[in-house]
Amino acid sequence: MKSSHKPLIINGKQIASEILEELKHEISDLRAKKVTPGLAVVLVGDNPASEVYVRNKRKTCEELGIDSFAYDLPDTCSEKKLLKLIDKLNADPKIHGILVQLPLPRHINEKRILEAILPEKDVDGFHPVNVGRLLNGEDCFVSCTPAGCHALLLRSGIKPAGKHVVIVGRSNIVGKPLAALLMQKAANANATVTICHSNTRNMSKYTQEADILVAAMGVPEFIKPRMVREGAVVIDVGVNRISDPTRKSGNRLVGDVAFSGVSKKAKAITPVPGGVGPMTIAMLMKNTVKAVHMTLAKR
Ligand code: GUN
């Protein structure tokens, strides 16, 4: 039987703005104590999508009272030069967090760059020390998109404990850390987690089992209604620009979920845009404030 009720459309923009409002107060308390959070945002090259992300990150810093230090380097920047910049930022006490926007140009070894960032300034949570701590269930920086998905669930009143969470996608940025986060032995986690990927046979068998289905494989509208259980919660991490001649721009953004059909079956679903996206930035700001508190605790 099809559900007759309308699904809850999880408003990521609204939830993110609530988190940013909370952070604003926390930052103003810090500033009153003469501590101004500082975030270095490094962009290499001219990837148009990265430029948009970086602009939004810097703008949000400004709105919150975080000092944003912008480093825009040309596509031709050498790995050595970038490593030197990271060393400088690591040593700078005004900078609490360092973010290097990915992807990097092909001639730069991404792994080497991410490993050069001090783990205590790694607000993106990409350093192997933070990834390891996450897996061990220790306090650490959790990468922003998985942290955003988790916060979105909790703040929508959806508790992962005991639920079957099926994540489609096994990236280091989303799928793997989200699995680690939700399987944690912790009151806000405690989920049973399955990861599916491009080599999974009979994927629908797994996705249809999901109480909470997370689409994070980067394929436009991959998750079809028949793959989703009636009453499931669906979190769409995908951001894909597809051609749409009916639009003035000639294109539009879609997620990894075929929204119109899937929303008829889901109990709750995130839209694209306005779902997970805004949460990613909010979590970056939260991690930056966390980095400040870590510095203060060490004083
Ligand atoms: N590129 C796509 N997502 C991200 C992210 O969360 N952080 C960084 N640094 N780059 C990205």
Side-chain angles (χ1 to χ4, degrees), residues 12 16 19 38-61 66 68-73 75 77 79 82-83 85-86 89-90 95-106 108-119 121-131 134 140-152 167 169-181 214-219 235-241 253 255-256 272-273 275-288 290-291:
I19 293 170
L39 175 66
V41 180
V42 182
L43 175 64
V44 188
D46 45 18
N47 179 317
S50 289
E51 281 173 2
V52 175
Y53 291 137
V54 161
R55 202 180 316 130
N56 283 336
K57 289 170 185 177
R58 289 172 180 160
K59 188 170 134 256
T60 311
C61 279
I66 294 177
S68 152
F69 298 85
Y71 296 90
D72 291 337
L73 307 172
D75 193 45
C77 171
E79 183 178 300
L82 184 55
L83 284 170
L85 171 64
I86 290 171
L89 301 174
N90 279 338
I95 289 171
H96 302 91
I98 302 170
L99 177 138
V100 178
Q101 187 65 29
L102 304 179
L104 288 168
R106 287 164 61 100
I108 297 178
N109 183 326
E110 211 161 86
K111 186 169 139 69
R112 208 170 289 148
I113 299 302
L114 296 179
E115 290 184 11
I117 298 171
L118 277 179
K121 295 196 178 191
D122 171 39
V123 286
D124 245 336
F126 292 162
H127 192 287
V129 164
N130 282 312
V131 178
L134 172 63
C140 64
F141 288 114
V142 179
S143 55
C144 303
T145 303
C149 292
H150 191 206
L152 209 47
I167 301 168
R170 55 176 157 183
S171 70
N172 289 341
I173 292 188
V174 185
K176 282 193 235 170
L178 182 60
L181 195 55
V214 182
M217 76 300 264
V219 181
I235 305 293
D236 190 351
V237 183
V239 184
N240 311 286
R241 202 168 284 282
L253 276 188
D256 289 353
V272 176
V276 174
M279 293 298 289
T280 299
I281 294 198
M283 292 299 116
L284 174 67
M285 301 298 127
K286 204 173 165 76
N287 278 348
T288 304
K290 180 186 170 85

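Each ligand, and each atom within it, is numbered from 1 in the order the structure gives.
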Does the His127 side chain pair with the main chain of Glu115, one donor and one acceptor, at a distance under 3.5 Å?
yes
Side-chain donor/acceptor pairs under 3.5 Å, residues 40-56, sequence neighbours excluded:
residue, atom, partner, partner atom, Å
Asn47, OD1, Ala49, N, 2.9
Asn47, OD1, Ser50, N, 3.2

When you measure from the side chain of Asp124 to the backbone N and O of Ser143, does any donor-acceptor pair fall under 3.5 Å?
no
Show me a pair-per-line table, with atom names and distances to 0.1 Å, of protein N or O atoms that are under 3.5 Å from an N or O of ligand 1.
residue, atom, partner, partner atom, Å
ligand 1, 1 (N), Gln101, NE2, 3.3
ligand 1, 1 (N), Leu102, O, 3.0
ligand 1, 7 (N), Asp124, OD1, 3.2
ligand 1, 7 (N), Asp124, OD2, 3.1
ligand 1, 9 (N), Val100, O, 2.9
ligand 1, 9 (N), Asp124, OD2, 2.5
ligand 1, 10 (N), Gln101, NE2, 3.4
ligand 1, 10 (N), Leu102, N, 3.0

Which heavy-atom pair separates Leu89 from Ile95 by the least distance, and what is that distance?
CD2-CD1, 3.4 Å
Assess whether a salt bridge exists between Arg106 and Asp75, defined as any Lys/Arg side-chain N lying under 4.0 Å from an Asp/Glu carboxylate O.
no
NZ/Lys286: more than 12 non-hydrogen atoms of other groups inside 6.0 Å
no
